[in-house]
Number of protein chains: 2
Amino acid sequence: MLPRPEPEVDPAQRVVDAADELFYARGIRAVGMDDVRTAAGVSLKRLYSLFPGKDSLVLAVLRKRHAMWTEGLTAAVESIEEPRERLLAVYDYLAEWFAEDGFRGCGFINAFGELGPTSPEVADYAREHKRSFQDQLAALVAEAGFDVSLAPQLAILAEGAQTTAAIEGSPDAAGHARRAAETLIDVAASLDPGVSDSRSRR
Amino acid sequence: MLPRPEPEVDPAQRVVDAADELFYARGIRAVGMDDVRTAAGVSLKRLYSLFPGKDSLVLAVLRKRHAMWTEGLTAAVESIEEPRERLLAVYDYLAEWFAEDGFRGCGFINAFGELGPTSPEVADYAREHKRSFQDQLAALVAEAGFDVSLAPQLAILAEGAQTTAAIEGSPDAAGHARRAAETLIDVAASLDPGVSDSRSRR
DNA sequence: TTGCGTTGAGAACCAACGTTCTCTACAGTA
DNA sequence: TACTGTAGAGAACGTTGGTTCTCAACGCAA
């Protein structure tokens with residue numbers, strides 16, 4: 001059977017999507033392979049033929065999350081022209097995310113806290129993800145002509161906003177982070193001679 | 001019974017200390033009651049007579065962590081006179097913590113990520129803890145005569161530094177957060193007329 | 001139709017864990 | 001010495017979860 005022109009969707013994709021949702025909502029260890037199986041609508045056998053074990057599924061989920069985050073951020077930033085606004089778009093992107101139903105913080109931080117001590121792979125991948133975000137930010141900062149030392153500061157604001165919004169259960173942190181970022185950027189602009197004047201505020 | 005002048009230490013304290021160390025190092029779900037029992041050197045019976053279940057032990061550990069954090073921060077801040085420096089002492093306190101062996105991020109964020117979805121008590125307590133930190137910061141900001149809107153921004157920097165330092169495995173984030181805080185404070189000082197001049201830098 | 005290979009449903013297996021229970025040792029009292 | 005209550009050591013119980021195995025259904029080629 002299954003000569004259907006469209007095999008619904010790639011089963012591996014279905015599994016990863018289902019697992020991602022469950023892991024994020026409940027925590028990874030709280031989700032059994034059986035839950036994933038049920039949510040994805042595949043047999044256990046198939047599940048284990050697609051992913052040799054839970055660890056491997058977790059990594060696949062993290063890879064998917066990383067791709068979605070990176071693409072989403074890139075898209076949010078690319079839609080904007082002005083360098084300063086491009087940097088601030090990061091926090092608007094966060095604000096949208098925080099307002100989503102079921103927002104529960106950064107999946108990588110959560111996974112790191114839960115599995116980091118027992119799974120070097122997870123810990124390493126979380127590190128890589130954060131590093132990649134910092135690189136993205138650093139590129140934007142450089143593009144805008146600011147000193148690169150601004151990048152880690154902006155990154156810390158973004159990280160802090162994520163955990164704060166998660167624990168408070170409110171998206172306010174995105175706004176606070178944005179305003180702090182504006183200040184830091186303005187100061188950087190006023191110190192940096194090679195930058196188009198954009199401190200005509202405040 | 002127990003006519004010993006010194007009962008070694010309060011067994012409940014020993015249990016909480018041992019559990020705290022294990023939970024923080026390995027993640028809460030990764031630690032069995034048996035591990036706690038062994039590390040604390042008490043019998044299972046005694047363990048369960050002191051704490052009716054693992055949930056209750058987890059809460060006790062969080063309460064202890066909250067007390068230690070709050071006292072440590074208060075002490076770090078109180079040793080300093082100048083209002084601006086008092087605010088920055090928060091980040092020096094973080095820097096010391098990050099440099100400790102086995103630093104693995106904020107225990108409340110970790111617990112929230114791991115148990116938040118399944119334990120409202122843990123989620124609530126994490127919220128309370130962060131709220132209390134924000135209140136401490138807000139008091140320092142008010143004391144220094146700055147606008148209160150500075151407080152959440154400084155809090156976000158502190159949160160971001162914690163997760164960044166944890167995942168990167170390096171204490172650098174404390175320095176970045178401190179420098180960002182300096183900038184934010186300087187700007188706040190330059191805007192706020194009712195503040196002793198402390199922007200004679202940069 | 002017969003045999004073959006694949007797949008799905010779920011039973012089964014095994015280990016880990018939270019919690020309770022049993023049994024023994026022993027301190028204190030008469 | 002006998003009695004009682006308490007506490008420790010750890011066996012036992014029930015559940016859960018990761019993983020594997022069984023078996024029956026089915027598509028397909030001869």
Polar atom pairs (N or O), protein with nucleotides 18-21 of chain C, under 3.5 Å:
unit_1: C:dG18; atom_1: OP1; unit_2: B:Val31; atom_2: O; d: 3.4
unit_1: C:dG18; atom_1: OP1; unit_2: B:Lys54; atom_2: NZ; d: 2.6
unit_1: C:dG18; atom_1: OP2; unit_2: B:Met33; atom_2: N; d: 2.6
unit_1: C:dT19; atom_1: OP2; unit_2: B:Tyr48; atom_2: OH; d: 3.0
unit_1: C:dT19; atom_1: OP2; unit_2: B:Lys54; atom_2: N; d: 3.0

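- For B:Arg65 and B:Phe23, the positive end is not near the middle of the six-membered ring at less than 6.0 Å and at most 45° from its axis.
- Computed from coordinates, the B:Leu47 CG to C:dC17 P distance equals 15 Å when rounded to whole Å.
- For the atom pair A:Met33 CE and A:Phe51 CZ, the distance stands at 8.5 Å (nearest 0.5 Å).
- Distance A:Arg46 CZ to D:dT19 P: 19 Å, rounded to the nearest Å.
- Tested against A:Leu115, the residues A:Ile28, A:Asp55, A:Leu62 include a single side chain to side chain contact (heavy atoms under 4.5 Å, CB included) partner, A:Ile28.
- Surrounding CD of A:Gln136 are more than 12 heavy atoms belonging to other residues, nucleotides or ligands, all under 6.0 Å away.
- Heavy atoms from other residues, nucleotides or ligands lying under 6.0 Å from CD of A:Glu168 number more than 12.
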